[in-house]
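Since the structure comes first, as structure tokens, the remarks are kept for the end.
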Amino acid sequence: MSGSMSRYNARAVEPKWQRIWEQRGAFRARRDPARPKYYVLEMFPYPSGRIHMGHVRNYTMGDVVARYKSARGFSVLHPMGWDAFGMPAENAAMERGVHPGTWTRANIDTMRAQLKSMGLSLDWEREFATCDPEYYAQQQAMFLDMMEAGLVTRKSSMVNWDPVDGTVLANEQVIDGRGWRSGAPVERRELTQWFFRISDMAGELLDALEGLTNWPEKVRLMQRNWIGKSRGLQFAFDVVAAPAGFERLEVYTTRPDTLMGASFAAISPDHPLARALGSTVPGLADFCDECRRMGTSEEELGTAEKRGFDTGLRVRHPFDPGWTLPVWVANFILMEYGTGAIFGCPAHDQRDLDFVRKYGLPVIDVYTPLDSDARVADLAYVPPKTEKVRYINRFAGPEVMTGDEAVDAAIAHCEGLGIGQGVTRFRLRDWGISRQRYWGCPIPVIHCPSCGVVPVPKADLPVTLPEDVEFDRPGNPLDRHPTWRDVACPECGAPARRETDTMDTFVDSSWYYARFTAPRADTPTVATEADYWMNVDQYIGGIEHAILHLLYSRFFARAMHRTGHLPAKAIEPFEALFTQGMVVHECYSTENGGRRVWHAPAEVEKAADGTARLRATGETVEIGAVTKMSKSKKNVVDPEDIIETYGADVARWFMLSDSPPERDVEWTEAGVEGAWRFLQRLWRMLHEAELAAPDSSMNGTGEAAVALRKAVHKAIAGVTADIEGFAFNKAVARIHDLANTMQRATGGEPDMAAARREAFEAIARLMAPMTPHFAEEMWEALGHATPLVATAWPEFDPALARDDVVLMPVQVNGRRRAEIEVARDAGSGTVEAMALAHPDVARHLGGQPPRKVIVVPGRIVNVVV
RNA sequence: GCCCGGAUGGUGGAAUGGUAGACACGAAGGUCUCAAAAACCUUUGCCGCAAGGCGUGCGAGUUCGAGUCUCGCUCCGGGCACCA
């Protein structure tokens, strides 16, 4: 195929194939009992405005899997939707006066067009947004089902409160302890809210992690720790001279073996006892108020300076009524965990040690290392609980034991004495879903003064959001919308009020994967569809969702099963999970009057010597750290610009080429150009190559032809394994390698022409999942009428993919000294003899006989002297 | 603070406990060109003329053999329950 040297024109080719695929309905998912199904899903995007490189990376990976599985004969479901509720839409409303819905819909339209230009094999007929009333109506119906099933509860919990704006703030809206708009110091405030009872399922969610063998181990570990199962002792201190109703102080401890080292008891500033004492102990109420002048996040609590206040109250040590401990209020104790009260053992807990050093309380050692009797000074002694230690101050068990053994002994001992009992607790807290915001799914209940909380009758669903809302004031517009808010009680008809809280957007994203199986149904799911399509065979998304989104989804799938909306097999909805890394980029900045000014990569021109200047002014730019692409540092490259300049395939190819998918990838202009040159080179090679006719069935027999064929079949085997193993960067490297081999295979013999055709056809098919438009264009140029989307994945010939002769390194004392060529299946004796006979080996042996020769067949020989 | 990761040439990275640096980017030299671009060829971990030596964040250890396993650190990143 000699002739035209035209360049590959992505701008014309990509829309052409996108049209052809669409006309063929190539990506429409169909239930087909005759074929195995494959459901591949990438985490759906929040419609923030435009797609970013993180989306390009995520959706390219998913598309590789979808197209590959499709070529392997699976009936593939690969859908896309929009996680469309959330705060940014309300922020846009406040800043620009645009309705959140209008803003969101416009963003979706932009982003849909951008995604389409990427040539993703998505079934767009299944698209939906979580802000569609058709979607959230089903969510409301499930909420009512879950209420009935006892999975929903209402209780009080802490929120960040902006006392000036009079609104609840998200953690993100608390900047250095102050409200982001008002600047007022934020307070913790108690509010009655709706919860899903996820903690009831803690044990189940923990145990089921064992079965998720196709999830990254690190994600399972993070979830395990998050759920935080612990065994400990729950007991009560007797309070000396207790205020009425507080005669006993319940505490929970995972280290009852250290009770002999107790030097204080401490309670949360939100503990009922702290509140009760507030009126009688001077300064205590102020201290608790001050503790509450802090956000609700554990991060803030963890990093804040540890502070305490002595209540003056004392409790009796459970083993000795004469031994009393002071009761402190401490800012680092969470009311949400355990009982909101602890005892402190400073010798074996660093936080407690820091606390007692600050307030001058005693340190009592409980155990020491086996080989030392050193006492605790600046550092608490906290060995792993599986390590044996010497108990020098114990009340149960032998002198030498591990922490685990000691805890068991302590629990048994205490239970025997009637001091508390061994309990299993979980760190996992119930899922608070109430949000005091407009742009979310309304919680379908009505508050009636006489009937209490009344579910909205299912016939009245959906409870849709009112359109006529104002964002000119802080707070939830639903609260001040009388015609929406004020309704008649469905039970007694008396005037009542709608619940104005909306649901956490994590609820929306906890079941969308199930909805994709029947996106237009007037029930949340349809059994036949869910039975066929569930579970998601491959889920792909960012590691930042490792805990919350994935745990909530696991809970929700179980809840959907209990309420009849999913089959039993779907209680773990994600069969396999892959967490991809971020897209990062250099930061560019200049200094302007002492202020750092950030510049977008598009405004910067890089010179060959590594320096950079502003295109507009020529001013030298400082090149900063390589960090996640973010608006604040402006180190953002717009995918649309890349697609317009180079085409979607180049963006996709580069995204896959450099870094392993789970690691961060640095977006570089040079890398993109490299990808572009590679596609151009292959295109040129194709047009310069002499190929056998398309119907030729000749196989190469000459040495050069066989060598090329071997390279082709090795590449097919390798790329297949790489895609299966999510090693897309290695697949790309192998394809590069094959292209290099093809370029050198220049012979004019007929069998070479045949081998070359085989090679070009193979490389087009191997590249199809990654650069689909380019591959189709190659395939068409090779004379095929049927497009690649309808062509099977190539098979390899095992005989050709295998080497008969291997090169084995020979080491002497672990250092490589020679290389021998041996038959693949040569025996160890033969290999050893060949190795010892090698002159370089003999030289390094210096006449000495080897002490030992290790032969690892097919891998290495090590001669030890 | 707590939980989870990561660290390999100038750069991104490759390497079932078995030849460290595949593949790519960049750089240097060359070919072609009036010239440039593009393309193509060669070289490219560091030290050394070579023989050889040194090298996978730091410090120990296990092993015939460690980038890979174990222990102790350092730095960077993700999450911490109302960002999505």
Side-chain angles (χ1 to χ4, degrees), chain A residues 7 43 45-46 48 83 85-88 157 159-160 168-174 193 198 216-219 221-226 228 295-304 306 332 336 350-351 354 427-437 504-506 509 542-549 551-552 579 581-582 584 608 610 625 627-628 654 657-660 662-666 668 670-671 673-675 677-678 680-681 684 727 729-730 732-737 740 743 807-811 813-819 851-854 856 858-865:
Chain A
R7 298 233 278 193
M43 292 178 184
Y46 176 77
S48 55
D83 187 13
F85 277 135
M87 269 197 327
S157 75
V159 293
N160 300 310
V168 175
L169 297 177
N171 285 335
E172 192 189 51
Q173 297 170 316
V174 179
Q193 313 228 66
I198 187 173
E217 185 50 44
K218 62 177 170 181
V219 174
L221 189 55
M222 279 191 262
Q223 292 216 353
R224 214 170 282 145
N225 291 335
W226 185 262
T296 56
S297 76
E298 245 180 66
E299 183 188 3
E300 215 178 326
L301 248 49
T303 48
K306 308 292 174 277
F332 54 85
E336 275 96 351
Q350 189 61 43
R351 190 181 60 184
D354 295 342
R427 202 185 77 100
L428 182 67
R429 307 202 292 259
D430 278 337
W431 174 12
I433 59 158
S434 285
R435 296 294 180 270
Q436 293 69 40
R437 279 196 271 278
D504 178 8
T505 57
F506 272 125
S509 56
I543 184 70
E544 68 273 18
H545 294 295
I547 296 174
L548 293 179
H549 162 62
L551 191 60
Y552 291 151
T579 54
M582 297 181 302
V584 296
T627 62
K628 179 177 181 169
F654 174 63
S657 66
D658 255 3
S659 293
E662 67 279 10
R663 288 247 282 263
D664 291 351
V665 62
E666 186 185 350
T668 63
E673 277 173 3
R677 281 202 301 270
F678 178 69
Q680 291 298 344
R681 175 156 73 99
R684 208 168 40 243
N729 56 323
K730 287 196 262 169
V732 167
R734 260 184 236 280
I735 289 168
H736 273 291
D737 229 356
N740 291 344
Q743 194 158 21
L807 222 49
M808 282 177 73
V810 182
Q811 297 182 329
N813 287 335
R815 291 177 172 280
R816 189 173 69 91
R817 298 298 181 188
E819 221 164 43
R851 262 198 300 158
K852 198 169 165 189
V853 180
I854 293 145
V856 185
R859 302 296 295 187
I860 203 166
V861 182
N862 193 7
V863 182
V864 187
V865 233

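All chains are named by letter (A, B, ...) in the order of the sequence lines, taking the proteins before the strands, and each is independently numbered beginning at 1. Note that the structure is predicted; figures quoted are calculated from it, not measured.
- Residue A:F506 is in base contact, counting any heavy-atom pair closer than 4.0 Å across all strands shown.
- Contact annotation for A:R677: backbone-only contact, meaning every heavy-atom pair under 4.0 Å involves sugar-phosphate atoms and none involves a base.
- Shortest non-hydrogen contact noted between A:N740 and A:R681 is OD1-NH2, 3.0 Å.
- Base contact: A:E819 has a heavy atom under 4.0 Å from a base atom.
- Remark: the separation of the C1' atoms in B:A38 and B:U16 is 43 Å, to the nearest Å.
- Between A:H736 and A:F678, the angle of the ring planes lies from 30° to 60°, which puts this pair in the tilted group.
- Taking atom C1' on both nucleotides, B:A15 is separated from B:A60 by 25 Å, rounded to a whole Å.
- Within the 4.0 angstrom heavy-atom criterion, only backbone atoms of the sugar-phosphate kind lie near A:R817; the bases stay farther away.
- Looking at heavy-atom distances under 4.0 Å, A:L301 makes no contact with the nucleic acid at all.
- The P atoms of B:G18 and B:G67 are separated by 10 Å, rounded to the nearest whole Å.
- We find that A:E298 and A:R427 are joined by a salt bridge, their nearest charged nitrogen and carboxylate oxygen being less than 4.0 Å apart.
- OP1 or OP2 of B:A24 has not a single side-chain nitrogen or oxygen of A:S657 nearer than 4.0 Å.
- Here the separation of B:U63 from B:G17, taken at their C1' atoms, is 9 Å to the nearest Å.
- Side-chain N/O atoms of A:R435 include none lying less than 4.0 angstrom from OP1 or OP2 on B:A84.
- At the heavy-atom level, A:Q436 lies under 4.0 Å from base atoms of the strands shown.
- Here A:N171 reaches the OP1 or OP2 of B:A81: one of its side-chain N or O atoms lies under 4.0 Å away.
- In this structure, A:R663 reaches the B:G13 phosphate: one of its side-chain N or O atoms is under 4.0 Å from OP1 or OP2.
- Salt bridge A:R435/A:D504: present, at least one basic N to carboxylate O contact under 4.0 Å.
- Here the closest heavy-atom approach between residue A:F654 and residue A:E666 is recorded as CZ-O, 3.6 Å.
- An OP1 or OP2 oxygen of B:A15 is reached within less than 4.0 angstrom by a side-chain nitrogen or oxygen of A:K730.
- Note on A:P45: nothing from the nucleic acid sits closer than 4.0 angstrom, heavy atoms only.
- B:G57 and B:U11 are spaced 13 Å apart, taking the P atom of each and rounding to whole Å.
- For A:N225 and B:C2, the shortest distance from a side-chain N or O to OP1 or OP2 is not below 4.0 Å.
- Atom CG in A:L548 sits about 16 Å away from atom P in B:G78, given to the nearest Å.
- In this structure, CD of A:Q811 is placed 12 Å from C1' of B:G17, rounded to the nearest angstrom.
- Comparing the same atom, C1', in B:C3 and in B:C54 gives a spacing of 39 Å after rounding to whole Å.
- Closest to the side chain of A:M222, from the set B:C4, B:C64, B:G13, is B:C4.
- Among the protein residues, A:S434 comes within range of the nucleic acid bases, having at least one heavy atom under 4.0 Å from a base atom.
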